[in-house]
Amino acid sequence: MFRKKIIEPLLGFLRQGISPASLAWAITVGIVLAYVPIFGVSTVLCLLIIWLFRLNPAVVLLANQVAYPLQFILYLPLLRMGEWIFGAPNVPFSASEIFKMAKEDF
């Protein structure tokens with residue numbers, strides 16, 4: 001499944017003429033932007049970066065969607081790291097409270 005859904009499309013892009021450096025840059029941008037801890041913003045940022053740097057949209061969005069589930073996994077650790085970096089007081093949320101708030105009033 002992994003090979004059919006991810007590896008084969010990427011190999012197809014290489015066969016179509018995209019350079020390995022361009023492919024790597026587009027994959028990296030897609031994965032990095034998937035970690036933005038604001039739900040729904042990563043796709044908009046991907047579109048902006050695609051436009052600014054003239055990257056292959058299909059590759060960037062494929063990488064972004066594959067890495068997107070990690071946004072949910074890393075949400076609380078990134079929130080805590082932001083508090084630590086900026087010296088902000090701890091937000092008294094647990095993972096269950098965050099999911100409850102998102103479900104009730106996104």
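All heavy atoms count here, side chains included; hydrogens, waters and symmetry mates do not. Counting from 1, the numbers follow the sequence of the chain as shown. This one's a predicted model, so the numbers in the text were calculated from it and none came from an experiment.
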- Query: Does any pair with a residue in residues 44-68 pass salt bridge (charged side-chain N to carboxylate O under 4.0 Å, His left out), and if so which ones, sequence neighbours excluded?
  - Reply: none
- May I have all residue pairs that pass salt bridge (charged side-chain N to carboxylate O under 4.0 Å, His left out) and include part of residues 12-37, sequence neighbours excluded? none
Donor-acceptor contacts, no H, no angles, side chain residues 35-52, under 3.5 Å, sequence neighbours left out:
none

- Query: Do the side chains of F53 and V32 join up, straight or via other hydrophobic residues, at under 4.5 Å, putting them in one cluster?
  - Reply: no
- Non-hydrogen atoms of N64 and L33 that approach each other most closely: ND2-C, 3.7 Å
- Message: So, taking the atom named CG in L11 and the one named CD in Q16, what distance separates them when rounded to the nearest 0.5 Å?
- Response: 11.5 Å
- Message: Can you tell me how far apart CG (L10) and CZ (R3) are? Round to the nearest 0.5 Å.
- Response: 11.0 Å
- Minimum heavy-atom distance between L55 and A26, given as atom pair plus value: CD1-CA, 4.4 Å
- Residues which pass ring-ring contact (aromatic ring centres under 6.0 Å, His included) with Y68, listed by chain and number, not counting sequence neighbours: F72
- Is T28 reaching over with its side chain to a backbone N or O of A24, donor-acceptor style, under 3.5 angstrom? yes
- One should read off an interatomic distance between F13 CZ and E8 CD, to the nearest 0.5 angstrom, of 13.0 Å
- How long is the gap from CG on L23 to CD1 on I27, to the nearest 0.5 Å? 4.0 Å
- Closest non-hydrogen atom pair, A58 against N56: N-OD1, 3.0 Å
- Message: Strictly by salt bridge (charged side-chain N to carboxylate O under 4.0 Å, His left out), give each pair with a member in residues 24-45 just once, sequence neighbours left out.
- Response: none
- salt bridge (charged side-chain N to carboxylate O under 4.0 Å, His left out) partners of residues 62-89, not counting sequence neighbours, each pair once: R80-E83
